[in-house]
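Atoms within a ligand are numbered from 1 in the order they appear, just like the ligands themselves.
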Amino acid sequence: MTPRQPARATTRPIRIRRIRVAGLLVAIAAFAAALGHQSLASSSPAAASPIDVLRNELRGLRREHRGALGEDDGAVPDGTTVFDAQVPGVANLDPALLDALRQAAADAADGGVEFFVDSGWRSPEYQERLLREAVSKYGSQEEAARWVATPDTSAHVSGAAVDIGPSDAAAWLSEHGAEHGMCQTYGNEPWHFELRPDAVDRGCPPMYADPTHDPRMQR
Ligand SMILES: [Zn+2]
């Protein structure tokens, strides 16, 4: 590869990485299933598919090993799409927002742009942790507030906001989302979108420079 190769050439290694990650997860899942087979067999409902059983087992392992917050609190695994209804961070989004987002994603896919969900719905506990991390990263509550809302004010906690990646997908949604009622909310967060049904007819409202300018954050 030469340094001047077009950006398009970078999609291939990323895809390979995703496939490797998927392969690794399958291997981990098989190992977990072998470990937990006895207890699972007695506790799982007969209707659960093998994939659901493995997913639940993986969630249990994450919780146990990290002692922290996992998918059930809104942590979203790499490679999650807006169509992954089994991921709580996606499934717990406002149904109207999710519907609009999926229509937009289908539109974007027609143009060769693929959406991934970097973050969607979050539990209050998860939001609180993100806020604590932001305060430690940015050094003050005031600076952290430019990036991370409190559990009481975050649109992620109410299921009313989604963070879309990678950047070409976010750029596509910022440009074309209004047709579906999806609008970028903050100038400093090109990935953060909320549902604004009026945008279908009137276009998106002006963005706030950052969340500290958003009246909803003044609670
Ligand atoms: Zn966001």
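- Under the 4.5 Å side-chain heavy-atom criterion for ILVMFWY residues, no single connected hydrophobic cluster contains both Val157 and Val148.
- Distance alone, capped at 3.5 Å, places no donor-acceptor pair between the Arg122 side chain and the Asp73 backbone.
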Report task. Run the numbers on Asp163 and His156 for side chain to side chain donor-acceptor pair (under 3.5 Å), then give the verdict. Result -> CA-CA 9 Å; Asp163 295 342; His156 284 281; 3.2 Å; yes
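- Here the N, O or S atom of His192 that is nearest to the Zn ion (ligand 1) is ND1.
- Asp94 places a side-chain N or O within donor-acceptor distance of the main-chain N or O of Leu97, the cut-off being under 3.5 Å.
- Here the N, O or S atom of His156 that is nearest to the Zn ion (ligand 1) is NE2.
- The distance from the Zn ion (ligand 1) to the nearest N/O/S atom of Asp163 is under 2.8 Å.
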